[in-house]
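Here is the naming used below: chain letters follow the sequence lines, and residue numbers restart at 1 for every chain. Quick caveat: nothing in here was measured; it's all calculated off a predicted structure.
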4 protein chains.
Amino acid sequence: MCARKADPPEIRAIKEGKIKQAAIKFFSEKGFHAATTGEITEAAGIAKGTLYWYFNTKEDLAFALVSDMLEEFRKLVEEMRDARGPATTRFRKLATRAAELYNQEKAYCRLLWKFRADQHYVFSPDYVEKVRIYYDAILSALADMIDQGIRSGEFRRINSRHWAFVILGITEGLELEWLENEDEFDMEKAFREMMDLLLAHFRKAPGKGRS
Amino acid sequence: MCARKADPPEIRAIKEGKIKQAAIKFFSEKGFHAATTGEITEAAGIAKGTLYWYFNTKEDLAFALVSDMLEEFRKLVEEMRDARGPATTRFRKLATRAAELYNQEKAYCRLLWKFRADQHYVFSPDYVEKVRIYYDAILSALADMIDQGIRSGEFRRINSRHWAFVILGITEGLELEWLENEDEFDMEKAFREMMDLLLAHFRKAPGKGRS
Amino acid sequence: MCARKADPPEIRAIKEGKIKQAAIKFFSEKGFHAATTGEITEAAGIAKGTLYWYFNTKEDLAFALVSDMLEEFRKLVEEMRDARGPATTRFRKLATRAAELYNQEKAYCRLLWKFRADQHYVFSPDYVEKVRIYYDAILSALADMIDQGIRSGEFRRINSRHWAFVILGITEGLELEWLENEDEFDMEKAFREMMDLLLAHFRKAPGKGRS
Amino acid sequence: MCARKADPPEIRAIKEGKIKQAAIKFFSEKGFHAATTGEITEAAGIAKGTLYWYFNTKEDLAFALVSDMLEEFRKLVEEMRDARGPATTRFRKLATRAAELYNQEKAYCRLLWKFRADQHYVFSPDYVEKVRIYYDAILSALADMIDQGIRSGEFRRINSRHWAFVILGITEGLELEWLENEDEFDMEKAFREMMDLLLAHFRKAPGKGRS
DNA sequence: TATGAATGAGACTTCATTCAT
DNA sequence: AATGAATGAAGTCTCATTCAT
C-alpha cells in the first residue's frame, strides 16, 4: 500500500543538498537562532516535517554545514602539509588557496562566523568537541608545517604551536575584516603580505628575534 | 517640601551598573538570543519589570554594553593617535594597552564577539549603524596614526587605510584565538610581535615592499 | 517635619479636575484598556503615584467621568420632566438641549461609548449597577413625560415604557452616527425631525396606530 | 502516493469555525482586550499555538468575526436594494429581516458593539479602513433604496444620504437598547414602527416637511 | 518517504498599583 | 500631599519538534 523502494543514496544526497543550500542561506544571514526551520524548508521546497527525515534536529543540520566547511579547510591545510617542496612555498600557496576558498564560499564563511560566536550555546558539548577537533587538526597541521620548515633549515627554531595560533588568528582576523568590508578591503593581497612577513620572520637570522 | 527627589544620577548609574554586570555575564556566555531577560533580572536581584525602568528593551541593554566596550577601545586608539612621540612608539604602546584592556575586560570581549556575529539580526538598523560608526572611528584613528608616521618620515608611503584594516584584523584575530585558547596562547606577546613585524615593514627601505 | 495643612477642598477639586481632563482625553481616544495611567498622569502634570491620592483605582477614575456625564444627561431629562408646559413642547426642547449638550461635550460622548461597550468588563458589578441606575432614571423620566402627555390628553394611550426605550435608542443611535460622521451628518436636525415624527405619532388620532 | 493531503478547505473551515465560536463567546462578553487568546484556545479545545495556524494575530481573528457579521448585514441591505417591488415594501422587509438577523446572531451583535467602541485602537488602520468600507457600502445601499423610491414617485425629493444615516442610526440605537434590555424591549416591533413612521414621512405630501 | 496540522514551553514586554521617603 | 522606583502577574506570539496519515 504505502511501500515504495527507498530512494537510492544519490537521490537522498541530492535532497540533502537542497536543504543544506537553503540552510546556508538563512543561517549565514541571520545566525542560528534567528533562522527558522520554517523558512529553510520552504526555501528547500519541502514540508516542515520532512526536514526531520534528513536531519535529526536543527542543530544537526547546522553542524553538518559547519562540518562541511571546516572539513574543506582542514583538507586544504593538510594537503599543503603533505605536499612536497619547501615549507615556504607551501605556506605561500596555502595563503592563496585559502583566499580562493573563502572567495568561493563566502556564505559558508559568514555562517562559520555566526556559529562560532555562540557555538557553545548552539551546539551540544558533543558537537562543540567535534568542532574543537577540527580546529585542532588545522592548528596541528600548521604547526607541523612550521616544524617541517625548521627541520629542513628553512626556519629558525621557533615555537611552532605559538606561531600556528598566530597564522590561524591572522587568517581569521583578515577574513572577518573582509567579510565586513568586502568592497574596500583586499583580503587576498593582505593574506599574501602577511604570509610574506611571517615567513621572513621565520627565516630571519638568529640574534634578532626571540620567539 | 516633602516630595522625595528622583534618584540622583549617580545612584541611577550604580543600579544600571548592577543590571549591566548581570547582563554581561549571560550575554557573554550565551549570546543575545539565548540569554533571557529573566535570568538577567534574577541575577541582578530585581524584578522582571524593573529592567524596563532602566532600559527600554533587551536590545537597548545589549547595545549599552557593546557601546561601553567599543567606546573604551575607540578612546584608547584615539588617545594613542593624539599622543606625542614617534608613531612607532605609539603603535607599540597601543598593542600593549589593547592587550591590557582585553585582559581586564574579558567578559566584554566575549560579548562583543557574540554580538558581532549576528549584530544585523540582533540590532535594529539604527544600532547597527552606531556600531559601524564606532568601528569606522577606530579604523580612521589607526589610519591617521599611519599617516602621521608617513608625514614624519618614519614610514614609507603606504596605503594607510589598507594597513589600518590589517592592524585591526590581526588584533581581532589574535584576540579571538586567545579567547578560545586562553591557557595556551599568549595574546600580549603575539600582539607585540605582530606589531613589531608590521612596523618594521612600514619602515623598510623602499624597493623591497610593494604596498 | 513633613506636616502641612491639607489642601482646602477647592484646591483638591481643581487638581482632581486636571486629572479628569487628562483622563477624558485618553479614555475617549483609546478606551479604558488602551489608555494608561502613565499617560494620564503625565498629561495632568503629576507623578504616577499621585493619581492614587485622588482616585483609588483606574476604574474609579473612569467611573467618575462616566458618572459626571450621565448625571448631566439625567439632570437634563429630569429638568424637562419637571418643567411646566405641554409635554410636546418639553420633548422638543429636550431634543434641542440634548444636541447642545452632546455638541459641548463631544469628548465625554465618545468616552461614554467606549466604556459602554465593555462596561461589564471595565467596571465591577457595583459600578455597573450604578450606571444602570442612571440609565433607569433617564428611561423613567422619559416614560414619565409620556405619561404626563397621555394624562393631559396630548398623546394617545401608548406604552410609555416602550416608547421611552425608542426615544433613548434613537437619540443614542443618531448620536453615534454623528460621532462617526461628524462632518456629513447633522445630528441636531435629525434629533428634531425624529422627535417631531414621534410626537406626531403619539398624537395621531386613534384608529391608525396600534401601539 | 503516501503523502497525506493538506486538510481540504472544508475541513479547515470547520476547524476555523470552532475557533471563531469560542472567540465570539469571549470577545462578545469581555471585549477585545479583556478576552485572552488563552481562554479562547482553551474553549476551542486547541493548544495556544494552534490559534496562530489559523489566524495570524488576535487582531486578525477579531477582524474575521467583525467581517463575517458586517458582510452578512451588507448582503442583506444590498439584497433588498436589488430586489423587485416598491421601495416601501422593500424597506419594510429590510426591517423584519434585520431584526431576524440580529435575533439569530445576538452574540455577533454584542461583539460588534464591543469592537466598534475602540476599533481605532483594537484594529490597525488597515482594518479600520476595511470596516469603514463595509459601513459605507451599507449606507450607500440604503441611500440607493431611497433614491429608487424617489425616482419611482413613492417618496418626496429628500436628501437620501441624510436619511440613510438616520435609518442606520435608528436601527443601531434600537438594537443597542434591545441588547441592554432584552426582556423588556421588543426590538422587532420597534423596527417596524420606526420604519413605518419614516416611510410615511418620506411619502408625506410636499409642503409639510422640509428635508 | 513525506506531509503539515498541532503542540506547548517559554520569550519579551506592559502597566496598574504600592510604598519608602 | 506627593513622588517615582519597583513590582510581578499576565498577555501575545514564536518555533522546534512530533505524529497520524
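Using a 3.5 Å distance cut-off with no hydrogens or angles, the side chains of Thr57(D) and Tyr52(D) do not pair a donor with an acceptor.
With dC15(F), dT17(F), dT13(E) as the choices, the nucleotide that has an atom nearest any side-chain atom of Tyr52(B) turns out to be dT13(E). Listed candidates were dC12(E), dT3(E), dA16(F). Nearest to the side chain of Thr36(B) is dC12(E).
With a cut-off of 3.5 Å on both Watson-Crick or G-U wobble distances, the partner of dT12(F) is given as dA11(E). Nucleotide dT21(E) forms a Watson-Crick or G-U wobble pair with dA2(F), both donor-acceptor distances falling under 3.5 Å.
Base contact: Thr37(A) has a heavy atom under 4.0 Å from a base atom. Looking at heavy-atom distances under 4.0 Å, Ile46(D) makes contact with sugar-phosphate atoms alone, never a base. Using a 4.0 Å heavy-atom distance criterion, Ala34(D) is classed as making no nucleic acid contact.
Close to dA2(E), at under 4.0 Å from its OP1 or OP2, lies a side-chain N or O of Tyr54(A). In terms of phosphate contacts, Thr50(B) brings a side-chain nitrogen or oxygen within less than 4.0 Å of OP1 or OP2 of dT7(F). Side-chain nitrogen and oxygen atoms of Lys48(C) include none within less than 4.0 Å of the OP1 or OP2 phosphate oxygen of dA6(F).
The distance between atom CD1 of Ile19(B) and atom C1' of dC12(E), rounded to the nearest whole Å, is 15 Å. Atom P of nucleotide dT17(F) and atom CG of Leu61(A) are separated by 10 Å, given to the nearest angstrom. Spacing between atom CG of Leu51(D) and atom P of dG8(E) amounts to 15 Å, rounded to whole angstrom units. Distance, His33(D) NE2 to dG11(F) C1': 11 Å, rounded to whole Å. For Lys30(A) and dT14(F), the NZ to C1' distance is 12 Å, given to the nearest whole Å. Look at CZ on Phe26(B): it is 16 Å from C1' on dA11(E), rounded to the nearest Å. Rounded to whole Å, the distance from CD on Glu42(B) to P on dT7(F) is 13 Å. Per the geometry, NZ belonging to Lys58(A) stands 8 Å off P belonging to dC15(F), to the nearest Å.
Positionally, the nearest nucleotide of DNA chain E for Lys15(D) lies more toward the 5' end than for the other of Lys15(D) and Gly49(C). Comparing Ala47(C) and Thr57(A), the nucleotide of DNA chain F nearest to each residue sits closer to the 5' end for Ala47(C).
Taking the centre and axis of the six-membered ring of Phe27(C), the NZ or CZ atom of Lys114(C) falls outside the cone set by 45° and 6.0 Å. Under the 6.0 Å distance and 45° angle rule, Arg110(C) does not count as a cation-pi partner of Trp113(C).
Below 30°, between 30° and 60°, or above 60°: for Phe63(A) and Phe123(A) the angle between ring planes is above 60°, a perpendicular geometry.
Shown here is Arg12(D), whose CZ atom has more than 12 heavy atoms of other residues, nucleotides or ligands within 6.0 Å.
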